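Below, chain A is the first sequence line, B the second, and so on; all start at residue 1. Keep in mind that what you see is a predicted model, and the values were worked out from it rather than measured.
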Amino acid sequence: MHDISIIRTDPVKFDNSLINRGVEPCSKNIISKDVEKRKAQTLLQQLQAERNSLSKEINILKSKNLDVKNQINKVDKIKDQIISLKELEKILDDELKAILSNLPNIPSSDVPFGKDEKDNIELKKWGNKPQFNFKSKRHFEIGESMGLMNFDIASKISGSRFVVLKGMLAKLERALSQFMLDQHTNKNGYTEMNVPVLVKDHSLFGTGNLPKFAEDLFTSGDDHWLIPTAEVPLTNLVREQILDLNSLPMRFTSYTPCFRSEAGAAGKDTRGMLRQHQFTKVELVSISKPEDSEKEHERMLLSAEGILQELDLHYRVVTLCTGDMGFASKKTYDIEVWLPGENTYREISSCSNCGDFQSRRMNAKYKNEKNENIFVHTLNGSGLAVGRTLIAILENYQTEDGNVAIPKVLQKYLNNKTFII
RNA sequence: GGAGAGAUGGCUGAGCGGUUGAAAGCACCGGUCUUGAAAACCGGCAAGGGGCGACCCUUCGUGAGUUCGAAUCUCACUCUCUCCGCCA
């Protein structure tokens with residue numbers, strides 16, 4: 001949600017910054033609504049003040065047993081105006097909110113301009129592609145031939161875009177999540193949280209998933225939604241609060257299942273477990289002072305990268321261009337892991353600085369040194385998507401005989417085994 | 001699912017329909033005292049918004065209603081808690 005005063009101050013700049021994201025200029029409409037609303041509001045407040053003082057007058061006259069008919073008549077006349085002005089103000093305010101809540105965040109000035117993922121900028125690469133002296137297989141070929149990854153039975157149970165992992169692969173998934181949580185809590189200073197995966201719509205509004213992206217989400221049938229990411233409950237941990245200055249930064253991590261309808265992805269990545277309706281993820285969320293959020297963003301990226309480094313998986317980091325960023329983000333780094341079976345880099349983490357975009361929607365503030373109430377900055381990142389990490393291990397650690405080596409750091413979570421089979 | 005209780009400022013907690021935006025306490029901030037600290041005493045301390053401004057408006061879970069006037073009365077909803085039943 002945008003600060004209306006910023007739009008008032010420099011509407012041209014506002015429009016230009018959203019054009020970069022493919023949004024039509026709208027400040028003119030916003031400002032005219034805003035002016036109209038404030039006009040109604042000012043008039044309404046004058047009438048309310050008049051009513052209030054007349055009511056006080058009535059009280060005084062009554063206590064002296066004097067006649068109050070005259071005053072009551074006056075108030076009666078004002079009342080109708082107050083009611084209709086209130087309605088008008090509410091309509092204008094609702095319209096204004098509807099416009100504002102559907103506008104994406106403004107990109108940071110250092111975000112590269114671009115239309116789609118082709119315009120993202122590669123920031124760095126780490127490690128090397130593994131060399132195989134045999135034809136490398138894709139993750140589902142490996143998993144299925146092991147008999148530990150079953151899409152057929154999953155579709156019988158739940159339909160398309162689900163998977164059943166068995167035995168060592170199920171354990172590998174568990175080992176990965178445990179390893180990630182241990183890294184983030186022991187080395188990176190995040191506090192592990194166990195959070196609801198069913199949330200109310202105001203929480204999804206807070207993070208920016210609603211009202212615009214309802215079709216990407218699953219509902220529970222009552223008035224709950226299944227979270228598409230733990231970013232939702234973790235970020236909302238600070239909603240409707242004025243935080244203490246020295247409680248910042250806050251760093252949360254959580255391992256949860258995530259649910260996505262993949263409405264816009266029909267026919268995309270249908271084979272394998274790259275794109276599922278349900279997957280698990282270890283999420284990182286930071287709540288910071290505005291002046292610290294850029295630094296916190298870099299720190300978060302390093303925390304996520306650290307997982308891949310420990311697993312010795314080759315990856316690159318890209319800065320998303322204006323056209324490819326998520327709705328709530330002002331700057332996003334994607335980490336893309338190398339998948340030899342797919343012969344490509346695939347997103348395994350996305351780290352975003354949302355600035356005060358989400359905190360405005362959630363009403364989350366802190367008291368600064370001058371005792372002012374300031375919206376906090378919120379950041380979120382995957383640390384990492386567990387399913388995709390499992391894919392990366394299968395494809396990068398595969399052996400010619402159809403086995404998969406277990407990365408050193410995971411072995412202690414898997415009874416010191418060195419191979420899957 | 002059945003029965004009941006409740007929702008007030010950072011927290012606890014008062015609040016006859018009329019200077020109650022809200023007592024009191026705690027916490028916090030400033031001051032006096034003290035070599036320093038504690039204690040004691042004095043003072044300050046909700047949020048959002050409008051107006052160039054003096055100021056004004058809104059908010060006591062949310063939304064409607066009654067009234068000249070609502071934290072206080074009525075209705076609906078949401079949420080929390082207790083007991084019973086069921087259950088991981």
Under 4.0 Å between any heavy atoms, over every strand shown, what does [X] touch: base, sugar-phosphate, or nothing? Just pick one.
X: A:Asn373; value: sugar-phosphate
X: A:Gln71; value: nothing
X: A:Arg360; value: nothing
X: A:Ile58; value: base
X: A:Lys367; value: sugar-phosphate

[N] versus [M] - spacing of their [atom1] atoms, nearest Å:
N: B:rA40; M: B:rC26; atom1: P; result: 9 Å
N: B:rA39; M: B:rU34; atom1: C1'; result: 11 Å
N: B:rC11; M: B:rU62; atom1: P; result: 15 Å
N: B:rC57; M: B:rG21; atom1: P; result: 10 Å
N: B:rG4; M: B:rC16; atom1: P; result: 25 Å
N: B:rU72; M: B:rG1; atom1: C1'; result: 34 Å
N: B:rC73; M: B:rU19; atom1: P; result: 16 Å
N: B:rA38; M: B:rU20; atom1: P; result: 35 Å

Look at the side chain of [X] and decide which nucleotide, out of [options], has an atom nearest to it.
X: A:Ala49; options: B:rG48, B:rC57, B:rG51; value: B:rC57
X: A:Gln48; options: B:rA47, B:rG69, B:rC57; value: B:rC57
X: A:Gln45; options: B:rC68, B:rG51, B:rC56; value: B:rC56
X: A:Ile72; options: B:rC68, B:rG18, B:rG50; value: B:rC68
X: A:Asn52; options: B:rG50, B:rC68, B:rC57; value: B:rC57
X: A:Lys365; options: B:rG49, B:rG48, B:rC79; value: B:rG48
X: A:Lys200; options: B:rG69, B:rA47, B:rC79; value: B:rC79
X: A:Lys79; options: B:rU67, B:rG50, B:rC57; value: B:rU67

Is [N] paired to anything, Watson-Crick or G-U wobble with both distances less than 3.5 Å, and if yes, which nucleotide?
N: B:rC45; answer: none
N: B:rG61; answer: B:rC77
N: B:rG18; answer: B:rC68
N: B:rU82; answer: B:rA3
N: B:rG53; answer: none
N: B:rU32; answer: B:rA40
N: B:rA23; answer: none

task: Let me see the working for A:Tyr366 and A:Gln241 under side-chain hydrogen bond (donor to acceptor under 3.5 Å, both in side chains), right down to the final yes or no.
output: CA-CA 8 Å; A:Tyr366 81 107; A:Gln241 287 178 69; over 6 Å; no
Whole angstroms only, please: what is the [atom1]-[atom2] distance between [X] and [N]?
X: A:Asn368; N: B:rC28; atom1: CG; atom2: C1'; result: 16 Å
X: A:Leu47; N: B:rG50; atom1: CG; atom2: P; result: 18 Å
X: A:Asp93; N: B:rG63; atom1: CG; atom2: P; result: 12 Å
X: A:Asn363; N: B:rG61; atom1: CG; atom2: P; result: 17 Å
X: A:Glu240; N: B:rC79; atom1: CD; atom2: P; result: 14 Å
X: A:Lys90; N: B:rU58; atom1: NZ; atom2: P; result: 17 Å
X: A:Asn73; N: B:rC68; atom1: CG; atom2: P; result: 10 Å
X: A:Leu66; N: B:rG18; atom1: CG; atom2: C1'; result: 16 Å

[atom1]/[X]: more than 12 non-hydrogen atoms of other groups inside 6.0 Å:
X: A:Asn194; atom1: CG; answer: no
X: A:Lys289; atom1: NZ; answer: yes
X: A:Glu24; atom1: CD; answer: no

message: If you apply the rule side-chain hydrogen bond (donor to acceptor under 3.5 Å, both in side chains), what do you find for A:Thr319 with A:Lys331, and how did you get there?
response: CA-CA 8 Å; A:Thr319 306; A:Lys331 183 173 182 182; 5.8 Å; no
task: May I ask you to decide if the ring planes of A:Phe218 and A:His277 are parallel, tilted or perpendicular, using 30° and 60° as cut-offs?
output: perpendicular
Short side-chain N/O contact to [N] OP1/OP2 from [X], under 4.0 Å:
X: A:Lys62; N: B:rG17; value: no
X: A:Arg51; N: B:rU58; value: yes
X: A:Lys37; N: B:rG50; value: no

query: Heavy atoms, side chains only, cut-off 4.5 Å: are A:Ile121 and A:Pro112 in contact?
result: yes
query: What residue among A:Asp34, A:Asp10, A:Asp15 forms side chain to side chain donor-acceptor pair (under 3.5 Å) with A:Ser27?
result: A:Asp15
